[in-house]
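Here is the structure we will look at.
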Amino acid sequence: MRLISIVLFSLFITSCISNKRINYLQNIKGNEPIALDEFIPYAEVDYEYVLQPFDIIDIDFASPNEELLRAFEYQGASAARGGRAGGGGGGAMDIFYFSGYSLDKDGYVRMPVLGQIKLSGLTEEMARDKVQEAINVYFKEDVEVRLRIGGIRFTTLGEFQSVGPKVILKNRATIFDAISMAGESSILARKNELFLIRQYDGGMKIHQINLNDRQLLASPYYFIQPNDVLYLQPMKIRQIGSGENISSSLQLGISIITAMMFIYGITSGIF
């Protein structure tokens with residue numbers, strides 16, 4: 001009986017997960033508290049995303065001459081753009097893959113008439129200006145260029161309801177936009193240890209984020225960037241079962257105790 005009591009007590013303790021490890025945006029002890037309704041300015045971020053090889057960008061043109069515009073589009077691109085309104089951003093189908101322009105491994109984009117233009121290492125604005133300059137060389141008529149990243153692509157791994165690549169069709173998205181698209185993280189996730197793997201010009205960095213901390217709202221990692229990877233680790237409670245609630249842990253405990261009693265009965269000659 002003593003052994004059974006110890007097993008049940010251990011399962012009860014491990015199945016109780018403190019709200020401090022679950023709730024988002026708390027005032028963490030040791031940090032300057034942020035009150036409700038208090039204004040929180042965005043963090044100043046020096047780094048601006050630059051285009052990378054294999055990125056997909058969306059390029060549109062505007063001109064009074066519609067015949068001229070057709071020269072810059074591949075056949076079927078207009079139809080693909082027209083279908084964007086009904087497209088989703090869950091990652092099952094990347095609509096910009098069909099209608100956008102992909103940078104190759106060397107950072108070049110191939111465009112009708114203009115040929116190959118290297119855009120990797122440039123910001124959106126710099127890339128737009130470069131395409132505009134290329135067009136101005138060939139055409140005297142006014143052709144206005146609009147260039148932007150084809151949505152924000154990111155990947156989720158670990159303790160999310162849905163893992164894998166995803167696309168948010170917005171110019172700017174927060175870490176909570178990404179989490180809500182991937183599905184509320186599991187109760188067993190280490191929300192104080194979300195690893196954000198971010199791509200920079202020429203390399204990568206791993207940043208650790210605490211989703212429990214209200215200071216995240218003023219963090220430079222509050223907004224996600226294209227090609228971010230979000231990885232949530234599981235708690236150690238995974239080692240003894242799912243542990244998502246007391247009921248599941250008790251069911252596991254009963255199974256263990258039943259097996260122990262059966263083994264004890266056989267070894268002691270009861271059965």
Side-chain angles (χ1 to χ4, degrees), residues 14-15 17-26 47 49 51-58 83-84 86-100 102-103 105 149-200 203-214 216-217 219-245 247-249 251-252:
T14 55
S15 64
I17 301 174
S18 171
N19 283 340
K20 291 183 178 180
R21 305 189 67 177
I22 298 174
N23 294 341
Y24 294 111
L25 303 178
Q26 306 169 59
Y47 176 77
Y49 182 76
L51 298 178
Q52 309 283 336
F54 306 109
D55 273 350
I56 299 177
I57 56 177
D58 181 43
R84 288 178 187 170
M93 177 179 176
D94 191 339
I95 56 177
F96 283 100
Y97 179 81
F98 299 97
S99 63
S102 298
L103 276 66
K105 63 182 180 64
I149 297 171
I152 299 177
R153 289 164 177 76
F154 66 99
T155 300
T156 54
L157 300 170
E159 296 298 314
F160 290 101
Q161 295 298 322
S162 171
V163 297
K166 293 171 175 53
V167 182
I168 297 180
L169 301 182
K170 296 170 64 175
N171 292 329
R172 186 169 73 166
T174 70
I175 191 76
F176 292 108
D177 289 327
I179 291 173
S180 63
M181 176 172 282
E184 172 67 26
S185 57
S186 165
I187 195 174
L188 299 176
R190 293 186 181 181
K191 293 182 179 177
N192 62 329
E193 294 183 11
L194 168 66
F195 289 118
L196 186 152
I197 305 170
R198 177 157 290 177
Q199 180 172 302
Y200 294 90
M204 312 285 290
K205 290 183 181 180
I206 300 177
H207 306 285
Q208 184 171 315
I209 295 175
N210 186 352
L211 298 174
N212 302 134
D213 192 354
R214 195 171 292 184
L216 172 61
L217 300 177
S219 163
Y221 311 115
Y222 179 59
F223 292 100
I224 65 170
Q225 293 187 1
N227 303 315
D228 278 354
V229 177
L230 308 179
Y231 171 56
L232 266 177
Q233 296 185 90
M235 296 182 185
K236 290 184 178 180
I237 196 171
R238 276 282 194 209
Q239 296 174 359
I240 65 166
S242 64
E244 295 187 8
N245 51 54
S247 176
S248 61
S249 294
Q251 289 176 8
L252 175 63

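Quick caveat: nothing in here was measured; it's all calculated off a predicted structure.
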Once ring-ring contact (aromatic ring centres under 6.0 Å, His included) is applied, do any residues pair with Tyr49, and if so which ones, sequence neighbours excluded? none
ring-ring contact (aromatic ring centres under 6.0 Å, His included) partners of Tyr24, counting only residues at least two apart: Phe176
Any side-chain heavy atom of [X] sitting closer than 4.5 Å to one from [Y]?
X	Y	value
Met204	Val229	no
Ile224	Asp177	no
Gln208	Glu193	yes
Leu230	Ile175	yes
Leu51	Ile149	yes

List the steps and the verdict of side chain to side chain contact (heavy atoms under 4.5 Å, CB included) for Leu103 and Ile57. CA-CA 8 Å; Leu103 276 66; Ile57 56 177; 4.0 Å; yes
Which of Ile209, Leu194, Asp228, Thr174 passes side chain to side chain contact (heavy atoms under 4.5 Å, CB included) with Tyr221? It is Ile209
Mind listing the closest non-hydrogen atom pair of [X] and [Y] along with its distance?
X	Y	answer
Glu184	Gln161	O-CG, 3.0 Å
Lys166	Val163	NZ-C, 3.6 Å
Gln199	Asn227	NE2-ND2, 3.6 Å
Arg198	Pro220	NH1-O, 4.0 Å
Gly100	Ile56	CA-CG2, 4.2 Å
Ile168	Ala173	CD1-CB, 3.8 Å

Interatomic spacing from OG1 in Thr155 to CZ in Phe160 - rounded to 0.5 Å: 11.0 Å
Give, for atom CD1 of Ile197 and atom NE2 of His207, the distance between the pair rounded to the nearest 0.5 Å. 10.0 Å
Between [X] and [Y] (side chain of the first, backbone of the second, donor and acceptor by atom type, cut-off under 3.5 Å), is there such a pair?
X	Y	answer
Asn212	Asn23	yes
Arg190	Pro234	yes
Thr156	Ser162	yes

